[in-house]
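Quick notes on the structure that follows.
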Amino acid sequence: MTTKLKIKGNWNVLKGQLKQKYANLTDDDLLFVEGKEDELLGRLEKKLGKTQEELEDTFEKLQSKSN
């Protein structure tokens, strides 16, 4: 991971935004376990066909919108 994901505090908000943006994501796809960010990114990479960098960029953009 190039940057440490900062998803701990706002995860429920971010999860909702991701579900709106990508309707094919399920709760299982978005299961977040602290310390296992790489597993989450791996699931999303497979499901969405995006790279880790693209996903991190998406997370950052969504988080900046919610602040």
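The analysis underlying the following values was restricted to heavy atoms, covering all of them including side chains, and did not include hydrogens, waters or symmetry mates.
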Mind checking whether [X] and [Y] have side chains closer than 4.5 Å, heavy atoms only?
| X | Y | result |
| --- | --- | --- |
| D28 | R43 | no |
| D57 | K61 | yes |
| L30 | L44 | yes |

Between W11 and F32, how do the two ring planes meet: parallel, tilted or perpendicular, split at 30° and 60°?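 Plane angle between 30° and 60°, so tilted.
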What's the spacing between [X] [atom1] and [Y] [atom2] if we round to 0.5 Å?
| X | Y | atom1 | atom2 | answer |
| --- | --- | --- | --- | --- |
| Q20 | L62 | CD | CG | 9.5 Å |
| L14 | E60 | CG | CD | 11.0 Å |
| T58 | E54 | OG1 | CD | 7.5 Å |

Report yes or no: does D29 contribute a side-chain atom to a donor-acceptor pair with the main-chain N or O of T26 at less than 3.5 Å?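 Checking the backbone N and O of T26 against the side chain of D29, a donor-acceptor pair under 3.5 Å is found.
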Does anything in residues 10-22 form a salt bridge (Lys or Arg N to Asp or Glu O under 4.0 Å)? List the pairs, not counting sequence neighbours.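 Residue pairs with at least one partner in residues 10-22: K19-D27.
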For N24, what residues pass the side-chain contact (heavy atoms from CB on, under 4.5 Å) criterion, not counting sequence neighbours? Y22, K47, L48
Under the side chain to side chain donor-acceptor pair (under 3.5 Å) test, residues paired with E45 that sit two or more places apart: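 Here no residue qualifies.
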